Structures are given as C-alpha cells and as structure tokens.
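Please read these numbers as outputs of a predicted model, since none were measured by experiment. In this chain, residues are counted from 1 in sequence order.
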Amino acid sequence: MRGQNAVVLGTITHDTALISSGSEENIVQTLLFNLLVLVFSGLTLFFVLRTRVSRLIETIFEGYGRLGLVGLGMFLAIPFVSIILMASVIGFVVGAVLLGIYMVLILLAMMCIPLCVGLVVQRLLRLGQTMTIFTAILGAFSVLLLLLIPVLGAFLVFLAFLMITGALYTELY
C-alpha cells in the first residue's frame with residue numbers, strides 16, 4: 001500500500017503478466033472426464049430405467065415445444081415458490097420437500113440428456129429408432145461435441161434439458 005504523500009523517484013517500468021490458460025494435457029483430461037461422466041450417466045439410466053426413459057423420450061418427440069415451455073416454467077418457478085413456502089413457518093416442510101423433489105428431477109434430467117440427444121442423432125443419421133447402448137455412447141459424444149461450440153452448443157443442450165425437465169414434470173403430474 002502506498003501513502004498519500006508518497007513520491008516515486010526513478011523510472012517506472014511496466015511488464016505484462018503471462019496468464020497461463022492451462023496445458024493441453026489438462027484440457028484433454030477435462031474432456032475425457034466429462035465424456036466418462038456422460039457415458040456413465042447415460043448407461044446407468046439405460047440399464048436401470050430403460051422402458052421409462054424410452055417412453056419419456058417418445059413423449060418428448062411428440063410435444064417438444066409444449067414440454068420445453070413447461071420445463072422452463074418449472075425450472076424458474078419451483079425454486080421461487082419453495083423459498084416463499086420455506087419463509088413461512090407452516091409451509092417450511094412443504095417447501096423443503098418441493099425443493100428436494102426439484103433437485104432430484106434436475107439431476108435426473110441431466111442424466112437423460114445423453115440418451116435423448118443420442119436418439120435424435122441416431123434418427124438423423126438413420127441408424128435406428130430404438131434406444132440401445134450405442135445410443136447412450138453416441139449421445140455422450142454428441143453432447144460433448146455440442147458443448148465445444150461456444151454459444152449455440154450450450155444453448156441447444158439447455159433446450160434439451162428444458163424439454164426433458166418438462167417431460168419429467170408432466171410424467172410426475
């Protein structure tokens with residue numbers, strides 16, 4: 001820290017700081033880790049809840065616009081409603097349960113993204129209409145490639161997330 005009456009004697013030199021953006025090895029490790037997480041989550045849902053997720057994805061293909069709007073509404077409204085409920089003494093338990101259900105459904109929707117995207121890519125490439133192990137792996141690679149596109153990729157993955165969230169809330173209702 002410099003005093004108020006301090007005087008600089010001599011010359012002032014300016015050096016630019018070198019900012020390290022990370023080595024290529026760290027980027028590859030991060031991409032590989034993300035790919036493994038996507039593959040694992042997709043395969044887990046495929047093996048545990050295959051028929052339920054398959055019906056959910058078919059529901060999404062039938063009414064993706066409506067489900068996207070439902071997902072957006074629920075994504076924004078439920079935290080607000082649960083916080084208001086938890087502010088009151090009477091509604092605290094209801095608000096806490098609602099927030100817990102919200103978090104579980106958000107995590108489940110994130111796990112469904114590789115399967116949903118994989119089935120869309122699989123149908124676009126005319127590789128089949130049914131969900132298989134290949135669908136989960138193809139979806140994980142597709143999501144990772146989409147996320148490498150700066151703005152549009154994240155937006156498309158978020159849209160898929162909203163549609164899946166809307167389908168989950170509709171199914172829960």
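Between Arg50 atom CZ and Met131 atom CE the span is 7.5 Å, to the nearest 0.5 Å. One distance of note links SG of Cys112 with CG of Leu45; it measures 5.0 Å at 0.5 Å rounding. With rounding to the nearest 0.5 angstrom, the CG atom of Leu119 is 8.0 Å from the OG1 atom of Thr130. Between the SG atom in Cys116 and the CD1 atom in Ile164 there is a gap of 4.5 Å [rounded to 0.5 Å]. The CG atom of Leu115 sits 11.0 Å away from the CG atom of Leu138 when rounded to the nearest 0.5 Å. Between Ile137 atom CD1 and Leu38 atom CG the span is 12.0 Å, to the nearest 0.5 Å.
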| said: Run the side chain to side chain contact (heavy atoms under 4.5 Å, CB included) test on Phe46 and Thr135 for me, step by step, so that the C-alpha distance in whole Å, both residues' side-chain angles and the decisive distance to 0.1 Å come before the verdict. | reply: CA-CA 9 Å; Phe46 176 76; Thr135 307; over 6 Å; no
| query | Going through the checks in order, is the side chain to side chain contact (heavy atoms under 4.5 Å, CB included) test met by Leu85 and Phe92? | reply | CA-CA 6 Å; Leu85 283 171; Phe92 181 80; over 6 Å; no
| message | Walk me through whether Ile113 and Phe161 qualify under side chain to side chain contact (heavy atoms under 4.5 Å, CB included). | response | CA-CA 6 Å; Ile113 289 175; Phe161 167 76; 3.8 Å; yes
| request: Give the intermediate values and the outcome of side chain to side chain contact (heavy atoms under 4.5 Å, CB included) for residues Thr170 and Thr59. | output: CA-CA 10 Å; Thr170 304; Thr59 304; 5.8 Å; no
| Glu58 and Arg52: salt bridge (charged side-chain N to carboxylate O under 4.0 Å, His left out), yes or no, with the steps? | CA-CA 10 Å; Glu58 289 303 321; Arg52 301 283 293 185; over 6 Å; no
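Two different hydrophobic clusters hold Phe40 and Val157 under the rule that ILVMFWY side chains link at heavy-atom gaps under 4.5 Å. Ile27 and Leu147 end up in the same hydrophobic cluster when Ile, Leu, Val, Met, Phe, Trp and Tyr side chains are linked at under 4.5 Å. Val39 and Leu36 are not part of a single hydrophobic cluster, where members link through side-chain heavy atoms under 4.5 Å apart. Ile101 and Met103 fall within the same hydrophobic cluster, where Ile, Leu, Val, Met, Phe, Trp and Tyr residues are linked whenever their side-chain heavy atoms come under 4.5 Å apart, directly or through other members. Linking Ile, Leu, Val, Met, Phe, Trp and Tyr whenever their side-chain heavy atoms come within less than 4.5 Å puts Leu172 and Met110 in one cluster.
Between Ser142 and Val121 the shortest heavy-atom distance is OG-CG2, 3.6 Å. Of all heavy-atom pairs spanning Val117 and Ala160, the tightest one is CG2-CB, 4.4 Å. Closest of all the heavy-atom pairs between Met86 and Leu99 is CE-CD2, 3.8 Å. Here the closest heavy-atom approach between residue Pro114 and residue Ala136 is recorded as CB-O, 4.3 Å. The two residues Ile60 and Ala167 have their closest heavy-atom pair at CG1-CB, 3.6 Å. Smallest separation of non-hydrogen atoms from Met163 and Leu67: O-CB, 3.9 Å.
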Show every donor-acceptor pair shorter than 3.5 Å between a side-chain atom in residues 69-84 and any protein atom, with sequence neighbours excluded, or say none if there are none.
unit_1: Ser82; atom_1: OG; unit_2: Ile78; atom_2: O; d: 3.1
unit_1: Ser82; atom_1: OG; unit_2: Pro79; atom_2: O; d: 3.0

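Residue Ile90 qualifies as open at atom CD1: its count of foreign heavy atoms under 6.0 Å is 12 or below. The number of heavy-atom neighbours closer than 6.0 Å to CZ of Phe47, taken from other residues, nucleotides and ligands shown, is above 12.
Within the 4.5 Å cutoff, side-chain heavy atoms of Phe61 are placed close to those of Val120.
With hydrogens and angles ignored, the 3.5 Å screen pairs no side-chain donor or acceptor of Ser54 with any backbone N or O of Thr51.
Taking Ile, Leu, Val, Met, Phe, Trp and Tyr as hydrophobic and joining them when side-chain heavy atoms fall under 4.5 Å apart, one finds Phe33 in a cluster with Val37.
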